[in-house]
Protein chains: 2
Amino acid sequence: MAYRPTEKTEARKKAQHKLLSDTALAIVSNDGFKALTIASLAQEAGVAIGTIYKYFEDKAALCTHVFKIASGKEVEMVRRSAFPEPSSDSEKLNCTERLEQTIQSFAERAIAGHKLAYALIAEPVSPDIEAERLIYRKAYADIFEHLIEQGIDTGEFRRQDTKVAATAIVGALAETLVSPLAHIVEQNINAPDEELFSSIKKFCLNAVCKTD
Amino acid sequence: MAYRPTEKTEARKKAQHKLLSDTALAIVSNDGFKALTIASLAQEAGVAIGTIYKYFEDKAALCTHVFKIASGKEVEMVRRSAFPEPSSDSEKLNCTERLEQTIQSFAERAIAGHKLAYALIAEPVSPDIEAERLIYRKAYADIFEHLIEQGIDTGEFRRQDTKVAATAIVGALAETLVSPLAHIVEQNINAPDEELFSSIKKFCLNAVCKTD
DNA sequence: CAATAAAGTGAACCATGATTCACGACTTTG
DNA sequence: CAAAGTCGTGAATCATGGTTCACTTTATTG
């Protein structure tokens, strides 16, 4: 008698949502949030403008969705460096080594995906997205905070305000790695700057450690 | 036979420019760059919209002018902490003490003028202003870099990449002091958070110093 | 197929805010 | 005062980009 959503249509719906989501992420990864317009997304995804609104409430919902997807992945990668799976090789690293590894991981990902990193961390965005960004930066800080707490317990790190230290590390990483990427035309992605990474690691370790 | 600009008219012109400039700065200091529109400035200054364009090429020129004025003052204040006048009390402080004092100065000004600090350092802005911001942050970093270099020479600080360290300090300060102000409704300005300042100073000093 | 519901469409519309410009007011010089 | 240049005005215009919605197409069921 009437129409009913079925498995097939639901699958298509999900696929369309993913198409739009993926396309939007690609746009942001290449050209930042400023390039993510309803029209450009419709164009890239090969759908009409109105279709976007069948899948996202409005522009803000689209942007925050993309931001969450992208930043969620990034945070997860960094979290794995800080707290490796019990089964992994890195399992037995001490906190100092894991902090180094975590910074290295953040740095490598920031340089390799510098356009996305810039979009997520430093690109001027609307207040809606800025709110998401604070959550995201907090997620990073929480990882560092937890790691620093562990290091204090093991006696590797000095007693300190772990929230401040963790926040400061996030700021130091953002400033040294991401902000300068604001207008780099083409990065020499082939030669990751190990020298730079090393300096940053030394700075941060020195800041939290008992001794050099 | 004809009109010629004279001292009196030039003075008025300069006064009008200053009125607009000051009013614009007040708007930004209270409500950020997002609140600085041509219409709002005209309103506040008590002039017509068209008048703004007699004094500023366009919106971008207005914004960058305001940004330069404001950030120039801030940088100058911080520079004085880092490199006191030879005649001043602080003249004979060592680099460690001056670094502490500089961070303290930055922190106090950021908290006291948190809305302006947020606008200058963290508020989402158009790319034009973002470009100015990079110059401004670099100016801060240059101050810290110079101070760190001095400290290395005096043996107070360890040998290190001074550019990275200086940039990291700027990032750490911005993240710990300014970014959280994003959505603070009303700060308890009366009770500057000496605890927080102390933690930040310890973090930064530890990062650059030879020993704790 | 008929009925129903959801997906897809895109030109029209709307909101925001910068920019223009024709005109009158003001200032200076001879 | 006449001539001429500059200032001040603000409604009209433009630019950008999000949002709507009447309509068409597609899918499902009996």
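No hydrogens, no waters, no symmetry mates; every other heavy atom, side chains included, goes into these values. Letters A, B, ... are given to chains in the order of the sequence lines, protein chains preceding strands, and every chain is numbered from 1.
- A ring pair (Phe, Tyr, Trp, His ring centres under 6.0 Å) check over residues 22-44 of chain A, counting only residues at least two apart or in different chains, returns the pairs A:Phe33-A:Phe67.
- B:Leu41 places its CG atom 15 Å from the C1' atom of D:dG10, with the value rounded to the nearest Å.
- Atom C1' of nucleotide D:dT20 and atom CZ of A:Phe56 are separated by 19 Å, given to the nearest angstrom.
- A donor-acceptor pair shorter than 3.5 Å can be found between the side chains of B:Ser40 and B:Thr37.
- Counting only heavy atoms from C-beta on, B:Val47 has its side chain closest to D:dT9 among C:dT9, D:dA27, D:dT9.
- Comparing C:dA11, C:dA7, C:dT9 by their closest approach to the side chain of A:Arg12 singles out C:dA7.
- We find that CD1 of B:Ile52 is positioned 18 Å from P of C:dC21, with the value rounded to whole Å.
- OP1 or OP2 of C:dG8 sits under 4.0 Å from a side-chain N or O of A:Tyr55.
- Taking atom CZ of residue B:Arg4 and atom P of nucleotide D:dC7, one finds them 13 Å apart after rounding to whole Å.
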Atom pairs, N/O to N/O, protein against nucleotides 15-18 of chain C, distance under 3.5 Å?
unit_1	atom_1	unit_2	atom_2	d
C:dA18	OP1	B:Lys59	NZ	2.6
C:dA18	OP2	B:Ile38	N	3.0

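- If you check the side chains of A:Ser105 and A:Ser81, you find a donor sitting under 3.5 Å from an acceptor.
- Atom OH in B:Tyr3 sits about 17 Å away from atom P in C:dA25, given to the nearest Å.
- Residue A:Phe33 contributes atom CZ, which lies 13 Å from atom P of D:dG18 at whole-angstrom precision.
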Using residues 42-63 of chain A as the side-chain source, report each donor-acceptor pair under 3.5 Å to any protein atom, sequence neighbours left out, with the distance given to one decimal.
unit_1	atom_1	unit_2	atom_2	d
A:Asp58	OD1	A:Ala60	N	3.3
A:Asp58	OD1	A:Ala61	N	2.9
A:Lys59	NZ	A:Leu36	O	3.2

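- Of the candidates C:dA5, C:dA11, C:dT20, C:dA11 carries the atom nearest the A:Ile49 side chain, counting heavy atoms from C-beta on.
- In terms of phosphate contacts, B:Lys13 brings a side-chain nitrogen or oxygen within less than 4.0 Å of OP1 or OP2 of D:dC7.
- For D:dT9, the OP1/OP2 oxygens have a side-chain nitrogen or oxygen of B:Thr51 closer than 4.0 Å.
- Of the candidates D:dG10, D:dC7, C:dT28, D:dG10 carries the atom nearest the B:Ala48 side chain, counting heavy atoms from C-beta on.
- The local environment of NZ in A:Lys163 is sparse, with at most 12 non-hydrogen atoms from other residues, nucleotides or ligands closer than 6.0 Å.
- For the OP1/OP2 pair of D:dT6 and a distance below 4.0 Å, the side-chain nitrogens and oxygens of B:Lys54 include no atom meeting the criterion.
- Separation of the A:Tyr136 and A:Tyr140 ring centroids falls under the 6.0 Å cut-off.
- B:Lys201 and B:Gln104 form a side-chain donor-acceptor contact under 3.5 Å, judged by distance and modelled atom types alone.
- A:Ile129 has its CD1 atom 11 Å from the P atom of D:dG18, to the nearest Å.
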